[in-house]
Amino acid sequence: MAKKWGEQMRSWLTKSLNLPEDVMMDLPRITMIGQLHIYIENHRGLLAFSDKEVRLMLTKGQLLIKGQSFTIKTILPEEILIEGKIEKFVYLDG
Amino acid sequence: MNNQWLAFFQGIIFVKVQGQGAERLINRLLRSGIPIWNVSKQGEQAILFSCSLQHIHKVRRAARTFEGDLHFYRGEGFPFLLKRLWRSSGFLVGAAAFLVVVLLLSNIVWRIDIGGASPKMEHQIRKELAGMGIEKGKFIFSADDPETVQHKLLNRIEGLTWVGVEVRGSTFHFRVVEKTAPKEKKVKGPRHLVAAKEAVIAKLFVKKGQAAVKRDQFVHKGQLLVSGFIGTEDRLKEVAADGEVWAETWYKAKVEMPVSTEFQVLTGRQVKKHRLEAGSFKLPVWGFKNHSFADYKKDEQLHSISFLGMKLPVSYAETTYYESKQTSRSYTEKEAELRALDIARGDLEAKLPEKAEIRGEKILQRQFTNGKVKLSIHFQVLENIAVEKPITQGDKKNARRKKHNEYPARKSE
């Protein structure tokens with residue numbers, strides 16, 4: 001109950017004060033440059049990695065990226081930059 | 001990524017991870033704060049990634065619980081370059097040593113060519129050169145420059161008219177012209193001896209011929225002293241008159257001597273500096289101490305460095321600073337007069353032939369003006385005044401008519 005109320009509060013604050021949601025609500029920020037790069041901030045770890053598929057842990061759920069010839073250009077505790085040919089990405093609810 | 005250059009300097013290692021749960025290992029690395037990049041999958045099980053060399057121990061520690069295989073397969077960046085350089089340093093040292101050796105050998109005197117000299121002269125020149133430090137196997141820049149060498153050779157070796165000095169690469173070339181003294185003419189034609197200048201005869205020494213003057217006689221310039229005709233008037237014979245006629249002659253000299261003079265003398269203290277020069281760039285090599293001389297004289301010698309016969313734009317300069325001191329000298333009037341006299345005497349002696357002798361001197365006039373002593377001096381000199389004069393046909397006719405000692409003085413000679 002308390003958690004839900006806090007979340008609602010945060011959501012309302014974000015909307016009314018016009019703050020970026022990713023900062024306030026711990027959501028991933030995903031930047032894509034065409035099909036070439038995908039840059040994900042605020043992830044929670046690498047779950048699976050192959051040249052066709054990358055699975056990332058998020059605060060809530062997972063992110064599945066599919067494509068071809070993936071390489072991780074940089075990986076930091078909360079950021080990841082993937083290069084390759086990105087075909088699709090899907091949110092999986094955890 | 002943003003610090004790719006920094007990473008290059010710190011060194012980059014390429015890691016290969018094989019086995020189950022490679023992703024977990026990567027997560028663990030991330031959590032312990034090790035940045036990694038260029039992660040890619042190779043085949044089914046193997047993951048390749050790179051990370052900084054400074055984190056290699058952390059990577060090892062994180063991989064301890066990992067059951068797969070961890071392998072550092074390649075290194076890149078500055079520390080690895082250094083390592084490779086160190087491994088191949090022998091080559092570098094060799095190359096540098098080679099250059100140094102060639103440089104040294106290019107600046108060594110390999111040959112001394114002496115052309116145009118007799119063997120005796122050549123030997124003498126070589127000996128003199130060795131004394132100057134120009135010898136086979138010595139450094140060229142320890143030698144003087146060609147002009148100085150030329151000067152010294154001309155000064156030190158007698159019988160040398162001219163010597164051309166040229167340094168071509170590592171060879172000294174000398175072109176020598178020797179003095180060839182003309183042979184004295186053995187055959188002397190009939191001649192008289194006549195007076196070279198006005199004088200009073202002091203001593204007659206006749207080897208051949210007939211004396212035409214007496215002691216203490218005043219003679220004019222050109223007057224007959226020793227006649228080349230001997231024998232009686234009807235049986236005249238012509239000979240080459242020979243002998244010495246010593247007579248007293250006069251010279252007048254004027255000298256000026258300042259009472260006090262100021263001049264620079266060297267104290268003997270000196271500071272040497274060595275440096276390399278390339279264009280306007282100067283690199284001191286030795287002698288960093290600055291001189292503290294108030295007055296000094298500077299002597300600079302430039303030696304160019306050559307490489308395989310080519311002149312490098314680099315030269316080696318040796319500068320010497322000699323301390324000098326201003327000294328003043330002052331004479332009393334009496335002393336100044338004596339000095340002036342000495343100088344006048346020295347000047348005259350330099351002009352006179354070797355055997356001549358100054359008999360006496362007399363100061364005709366002395367003046368002290370503007371701190372100067374002005375003297376005019378009269379010198380009496382004893383010298384040989386005899387000069388040769390060949391006998392011509394006309395003389396003979398005259399001689400038949402007149403007596404020898406009435407030979408007319410010739411003004412126009």
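Residue numbers begin at 1 in each chain, while the letters A, B, ... track the order of the sequences. Because only heavy atoms are used, hydrogens play no part in the values below, and waters and symmetry mates are left out as well, while side chains stay in. Since the structure is predicted, the reported quantities are computational estimates derived from the model, not experimental observations.
In this structure, Glu53(A) places its CD atom where more than 12 heavy-atom neighbours from other residues, nucleotides or ligands lie under 6.0 Å away. For Lys66(A), the NZ atom counts as loosely surrounded, since its 6.0 Å shell holds 12 or fewer non-hydrogen atoms of other residues, nucleotides or ligands. The local environment of CZ in Phe98(B) is sparse, with at most 12 non-hydrogen atoms from other residues, nucleotides or ligands closer than 6.0 Å. At most 12 heavy atoms of other shown residues, nucleotides or ligands fall within 6.0 angstrom of atom CZ in Phe78(B). Within a 6.0 Å radius of CD in Glu300(B), other residues, nucleotides and ligands contribute more than 12 heavy atoms. Shown here is Arg74(B), whose CZ atom has more than 12 heavy atoms of other residues, nucleotides or ligands within 6.0 Å.
Heavy-atom distances place the side chain of Ile47(B), and not its backbone, under 4.5 Å from chain A. Ile26(B) touches chain A through its side chain: at least one heavy atom from C-beta onward sits under 4.5 Å away, while N, CA, C and O do not.
Chain B forms more heavy-atom pairs under 4.5 Å with one residue of Ile75(A), Leu76(A), Ile80(A), Ile82(A) than with any other, namely Ile75(A). Put simply, of Arg24(B), Arg31(B), Glu23(B), the one with the most heavy-atom pairs under 4.5 Å next to chain A is Glu23(B).
Expressed to the nearest 0.5 Å, how far OG1 of Thr71(A) lies from CG of Leu48(B) amounts to 10.5 Å.
Scanning both residues, Leu47(A) and Asn27(B), for their nearest heavy atoms gives N-ND2, 4.4 Å.
Within the 4.5 Å cutoff, side-chain heavy atoms of Lys41(B) are placed close to those of Phe49(A).
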